[in-house]
> 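I have a structure here, written as structure tokens, and I will follow up with some questions on it.
Because the structure is a prediction, the values reported are computed rather than measured. Numbers restart at 1 for each chain; the letters A, B, ... are given by sequence-line order, proteins then strands. As a basis for the values below, the full set of heavy atoms in this structure was taken, side chains included, without hydrogen atoms, waters or symmetry mates.
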Amino acid sequence: MRLYNTLTKRFEELKLGKTVKMYVCGITAYDYSHIGHARTFVFFDVLRRYLEYKGHNVIYVQNFTDVDDKIVRRAVEEGKTQGEISRIFISEFLRDMSKLNVRRPNYMPKVTDHIRDIINYVERLIELGYAYEVEDEHGCDVYFHVPSFEGYGKLSGMSLDELNRHRIEPNPKKRDVKDFALWKSAKDEDFKANAVFDSPWGYGRPGWHIECSVLSSKYLGVPFEIHGGGRDLIFPHHENERAQSFAIFGVEPVKYWIHCDFVTIGGEKMSKSLGNIVRIRDFPDGEVLRYFLLTAFYRSPLDYSESSIERARRSYNYLRNTLLNLDMEISALRTFGIDRDGVGFDALRHLRDFELAMDSMNTPNALSIFHSLARDVNRNLYVMSLSELEECFRIFTTFSSILGLFEGYERIPTLPKDILELVKEREVARMEKDFERADRIREKLKERGIILIDTPKGTRWMTKHF
RNA sequence: GUCUCGGUGGCCGAGAGGCAAGGUACCCGGCUGCAACCCGGAGCACGGCGGUUCGAGUCCGCCCCGAGACUCCA
């Protein structure tokens, strides 16, 4: 595969063994997830599916940040605890992901279940001379000292000079403006939200960034192959995470840093702070949303609008209708017990093209190949042999399972004799232009869950409206 | 200001130096008892200026425009 590595700033041929370890930063559980989150997790879900399709054993870890400033703030506002707030939004997130056909990662660790690991890690950073303690009213803060780590800035492409500029007033107790918190001593609101943990530095809670270093190394070891997330995480989150992990383990912790671009709306980034979000839970059809998210290359922004969604819906419907047409034809040939000579249909050609597109995770291109297959299928629907139709069906479902579409599809059965008799009876009625009788039979079969469709080549059927 | 990523048809959006995918919209036609699909045709594009090359949307340089990061973010 060939993907853009943020660390080296170029497209690289991925050198992967049988096992591929992948970590993707999960959500901070303080609000409902929106379409921007959906994009990132759908993308990495497709990457995972494709790697598995190529025969890799993927170990996929995605954390939940369930203790953090924003969670505490919301908890205090609503008179709840940090645990209550994060529990709500973690379960909402899981619901959203299953609506989008995103498969569960192998591990989804929560920060609060790993406080001990985090403390050990912070202690180790202090011992190694990368971190220092600063007294505060309820205990100590611990900061990572950025100048002690030589390669800082490499991931985000920023020089130390640039990083010395700052927009907000830094805490004067820090030794350097770039230093960031590993451990934050408890404030009044933290006690109120029950978001405090005992530590060698008194009551407090982990800083943002440290959890990902700890959880990735704990579940995957170091180094691991793929680290992903949205583009907005490159700085400071991933820069800091890399610094922490490199400091502890003494090696480049991640081989390939992969980042997704944003979902925009009216050309602007969709984000909670701008208040222009569309929640996943408010979107009516998960698969259409998933399809939409795959229509742009992962490194380009994707603009959300009513009309772009509408276009995605139509494209999606075309593929879905083709799947039905294909399956209806297979079921009809089987039921009638007939076959045809075939046309020498080359479905494998589409598969090769599809893999070529997917090797660079070019999902819009992959969708375009998918559409060519569909067009070819529709053109040749009534001339392909049964084995050709089945070959197409197999490739069609290979595409859809890699992309995670049409997951609930149920195959159309061959008809039992008594129903087939009714279908034949109706054909006779239609031939005699007795449409009243034909419609009666159609209605009768509909009550038994069979929907009849008339084609130029005879009557076909399906079992449910999609 | 520094850094990163972009700029391709009416719109969305691929493009791996060698005939510019695919989708949608509009128009025309076919299929059709009804219904649901589907098929064919036509039209339509590489931000600008240089350079490298037999050949550049693709590589290099400069410029213009847009988005983002530098502050919580997927």
Side-chain angles (χ1 to χ4, degrees), chain A residues 2 4 6 9 11 24-28 30-31 33-44 68-70 73 153 156-159 161-168 178 208 228-237 239 259-264 267-274 277 292 295-297 299-303 305 307-322 324-325 328 353 356-357 359-360 362-372 374-375 377-382 430 433-436 438-439 442 451-456 460 462 465-466:
Chain A
R2 194 177 164 77
Y4 187 87
T6 307
K9 296 182 189 12
F11 286 90
V24 175
C25 288
I27 54 156
T28 299
Y30 76 104
D31 206 345
S33 298
H34 58 73
I35 292 177
H37 300 108
R39 185 182 192 189
T40 299
F41 300 118
V42 165
F43 172 77
F44 287 102
D68 146 282
D69 295 355
K70 293 187 294 293
R73 195 189 314 136
S156 56
M158 288 195 277
S159 71
D161 279 352
E162 296 158 29
L163 290 165
N164 283 331
R165 268 197 285 272
H166 49 88
R167 288 200 213 161
I168 51 165
K178 300 183 291 301
W208 185 42
R231 199 153 85 86
D232 43 2
L233 294 182
I234 295 171
F235 190 89
H237 185 58
E239 189 71 71
H259 293 96
C260 282
D261 212 319
F262 304 127
V263 173
T264 59
E268 269 190 325
K269 181 184 173 188
M270 182 180 285
S271 75
K272 284 169 196 160
S273 44
L274 289 172
I277 62 164
F292 170 70
T295 59
F297 189 51
R299 306 196 63 239
S300 309
L302 174 61
D303 201 56
S305 68
S307 67
S308 58
I309 288 293
E310 189 49 33
R311 269 194 294 273
R313 185 192 316 283
R314 286 169 200 257
S315 294
Y316 169 85
N317 284 343
Y318 177 73
L319 295 180
R320 188 204 58 190
N321 292 334
T322 303
L324 275 171
N325 286 342
M328 283 196 288
D353 290 346
L356 209 57
D359 278 341
S360 50
N362 192 329
T363 54
N365 231 355
L367 287 175
S368 127
I369 311 297
F370 206 160
H371 275 270
S372 334
R375 183 81 67 212
V377 165
N378 285 317
R379 267 179 201 152
N380 295 294
L381 196 62
Y382 302 123
R430 288 183 70 221
K433 304 224 183 274
D434 185 354
F435 299 121
E436 218 170 286
D439 286 346
R442 180 153 66 184
I451 295 152
L452 296 184
I453 306 289
D454 296 316
T455 76
R460 302 290 181 258
M462 56 190 184
H465 274 302
F466 238 9

> Determine whether a donor-acceptor pair (one donor, one acceptor, N or O, separation below 3.5 Å) exists between the side chain of A:Asn321 and the base of B:C38.
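No, the side chain and the base share no sub-3.5 Å donor-acceptor pair.
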> Any N or O donor-acceptor pair under 3.5 Å from the base of B:G33 to the side chain of A:Asp439?
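Yes, the side chain and the base share a sub-3.5 Å donor-acceptor pair.
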> Work out how far the C1' atom of B:C19 is from that of B:C26, and round it to whole angstrom.
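That atom pair is separated by 27 Å.
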> For the P atoms, the ones on B:G47 and on B:C11, what distance do you get once it is rounded to whole angstrom?
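Straight-line distance between the two P atoms is 13 Å.
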> Using both distances under 3.5 Å as the test, list the Watson-Crick or G-U wobble partner of B:C26, or none.
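Base partner found: none.
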> Taking donor-acceptor contacts at under 3.5 Å, does the side chain of A:Arg460 reach the base of B:C37?
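Such a pair does not exist between side chain and base.
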> I want to check one thing: is the phosphate of B:A25, taken as OP1 and OP2, less than 4.0 Å away from some side-chain N or O of A:Arg314?
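Yes, such a contact exists.
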> Does B:A56 pair with anything, Watson-Crick or G-U wobble, both distances under 3.5 Å, and if so, with which nucleotide?
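WC or wobble partner does not exist here.
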> What does B:A21 pair with, Watson-Crick or G-U, if both distances are under 3.5 Å?
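Across any shown strand, B:A21 pairs with none.
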> Flag the pair A:Phe292 / A:Leu302 as yes when at least one side-chain heavy-atom distance between them is below 4.5 Å, and no otherwise.
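Answer yes - side chains close enough.
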> Can you check whether A:Asp232 reaches A:Lys269 side chain to side chain, under 4.5 Å on heavy atoms?
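A:Asp232 reaches A:Lys269 side chain to side chain.
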> Over how many whole Å does the gap from A:Arg313 atom CZ to B:A25 atom C1' extend?
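Value for this atom pair: 16 Å.
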> Distance check needed: B:U4 P versus A:Asp261 CG, whole Å only.
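Result: 15 Å.
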> When the C1' atoms of B:C3 and B:G43 are compared, how many Å lie between them, rounded to an integer?
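Taking atom C1' in both B:G43 and B:C3, they lie 43 Å apart.
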> Please give the nucleotide sitting opposite B:C70 as a Watson-Crick or G-U wobble pair, both distances under 3.5 Å, or none.
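Partner of B:C70: B:G1.
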> Just to be sure I understand the rule, does A:Phe235 reach a base, reach only the sugar-phosphate, or reach nothing, if contact means heavy atoms closer than 4.0 Å?
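Counting heavy atoms under 4.0 Å across all strands, the contact made by A:Phe235 is with sugar-phosphate only.
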